[in-house]
Number of protein chains: 2
Amino acid sequence: MLYSSELIKGTLKTIILKLLKENKRMYGYEITQTVKELTNGKIQLTEGALYPSLHALEAEGIVTTETEYIGKRVRKYYTLSAAGKTHTKEKINELVDFMETMRFLLDIKPA
Amino acid sequence: MLYSSELIKGTLKTIILKLLKENKRMYGYEITQTVKELTNGKIQLTEGALYPSLHALEAEGIVTTETEYIGKRVRKYYTLSAAGKTHTKEKINELVDFMETMRFLLDIKPA
DNA sequence: TCAAATATATAATATTCTTATGTATATTTG
DNA sequence: CAAATATACATAAGAATATTATATATTTGA
């Protein structure tokens with residue numbers, strides 16, 4: 001089962017940030033594969049969603065990039081900036097809090 | 001603290017459906033107020049997001065509507081259809097599953 | 001050798017929300 | 001009793017973001 005895209009939309013950036021926090025340095029394709037593996041295929045990030053998000057994070061100064069060549073193939077690594085580390089903590093805390101609220105909402109029993 | 005709008009986007013319809021499941025019959029304004037109360041003001045649905053969503057649910061046959069007059073003021077009640085009840089269960093299950101996956105992702109510890 | 005996997009990127013389109021606006025009635029407070 | 005606030009629905013213009021498709025190129029394995 002794949003999750004509906006609306007669900008992923010709201011959490012996409014937080015997922016990216018969390019992975020960068022744990023792995024220090026990652027490239028786009030690696031992020032899609034890691035998310036796919038960690039979620040047993042339930043979350044499959046598409047390029048059309050991932051790259052614009054990564055570029056936005058870069059423009060906001062949340063991540064910095066380095067380009068490397070693996071043979072002749074280009075690879076762009078993303079790393080959290082100092083500001084990005086702070087931002088990441090905030091986003092993760094917000095998501096944890098949000099999930100607690102949602103859990104409460106979904107737990108409400110019929111009268 | 002208010003949650004960022006992206007987070008709410010993904011779960012808006014599921015929240016509406018869950019409330020309709022528990023309360024049988026609700027009108028738009030009532031939904032905004034109930035969500036606000038249940039979340040201690042952390043989720044504040046705007047009309048611009050709520051009404052288009054409700055109209056979409058109606059167009060999809062997930063909810064049916066009845067209009068009533070309270071004095072001279074109009075009030076539009078929304079109720080889950082039979083198909084809507086099934087759909088609601090699916091959406092709730094999906095969200096619960098998704099939150100478990102997110103919890104797992106967020107729990108990953110540094111190596 | 002050729003298909004699949006690896007790897008990044010963008011453009012056109014679609015979707016959906018934000019913000020603002022509009023309409024109208026009802027209630028509370030100074 | 002006037003003004004402010006709350007109730008109640010709705011839509012439109014613009015913004016933001018994702019989907020889908022496309023483009024390019026290398027590497028690996030059957």
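In what follows, every chain begins at residue 1, and chains take the letters A, B, ... in the order their sequences are listed.
Taking each heavy atom of A:E22 and A:K18 in turn, the nearest pair found is OE2-NZ, 2.7 Å.
Between the side chains of B:Q44 and B:T32, no donor-acceptor pair of N or O atoms lies under 3.5 Å. No donor-acceptor contact under 3.5 angstrom links the side chains of B:T64 and B:Y78, judged on distance only.
Look at B:Y51 and you won't find any side-chain N or O under 4.0 angstrom from OP1 or OP2 of D:dT11.
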Determine whether B:E68 and B:R25 satisfy the following criterion, salt bridge (charged side-chain N to carboxylate O under 4.0 Å, His left out), listing intermediate values before the conclusion. CA-CA 12 Å; B:E68 282 188 19; B:R25 213 173 78 123; 3.0 Å; yes
Could you please spell out the steps behind the side chain to side chain donor-acceptor pair (under 3.5 Å) verdict for B:Y3 and B:T39? CA-CA 10 Å; B:Y3 297 123; B:T39 64; over 6 Å; no
Which is it for B:I8 and B:L45 under the side-chain contact (heavy atoms from CB on, under 4.5 Å) test, yes or no, and what are the steps along the way? CA-CA 9 Å; B:I8 298 167; B:L45 304 184; 4.1 Å; yes
After noting the C-alpha distance and the side-chain angles of B:Y77 and B:T67, does the key distance pass the side chain to side chain donor-acceptor pair (under 3.5 Å) rule? CA-CA 6 Å; B:Y77 281 98; B:T67 299; over 6 Å; no
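Placement of A:F98 and A:F104 within a single hydrophobic cluster is found when ILVMFWY residues are connected by side-chain heavy-atom separations under 4.5 Å, directly or transitively.
If you check residues 68-79 of chain B against DNA chain D, the residues with a heavy atom closer than 4.0 Å are B:R73, B:V74, B:R75, B:K76, B:Y78, listed by number.
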N/O contacts under 3.5 Å, protein versus nucleotides 15-20 of chain D?
residue	atom	partner	partner atom	Å
D:dT19	OP2	A:T46	OG1	3.3

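On the nucleic acid side, DNA chain C contacts chain A at distances under 4.0 Å to non-hydrogen atoms, with the end points of that region at C:dT6 to C:dT10.
Put simply, the side chain of B:E94 gets close to the backbone of A:S4: a donor and an acceptor are under 3.5 Å apart.
Listed by chain and number, the residues in a salt bridge (charged side-chain N to carboxylate O under 4.0 Å, His left out) with A:E58 are A:K76 (sequence neighbours excluded).
Between A:R103 and B:E100 there is no salt bridge, since no side-chain nitrogen of the basic residue lies less than 4.0 Å from a carboxylate oxygen of the acidic one.
If you chain together ILVMFWY residues whose side-chain heavy atoms come under 4.5 Å of each other, A:L2 ends up in a group of its own.
Consecutive pairing runs in DNA chain C reach the stem threshold at C:1-30 with D:1-30, where a stem means at least three Watson-Crick or G-U wobble pairs with distances under 3.5 Å.
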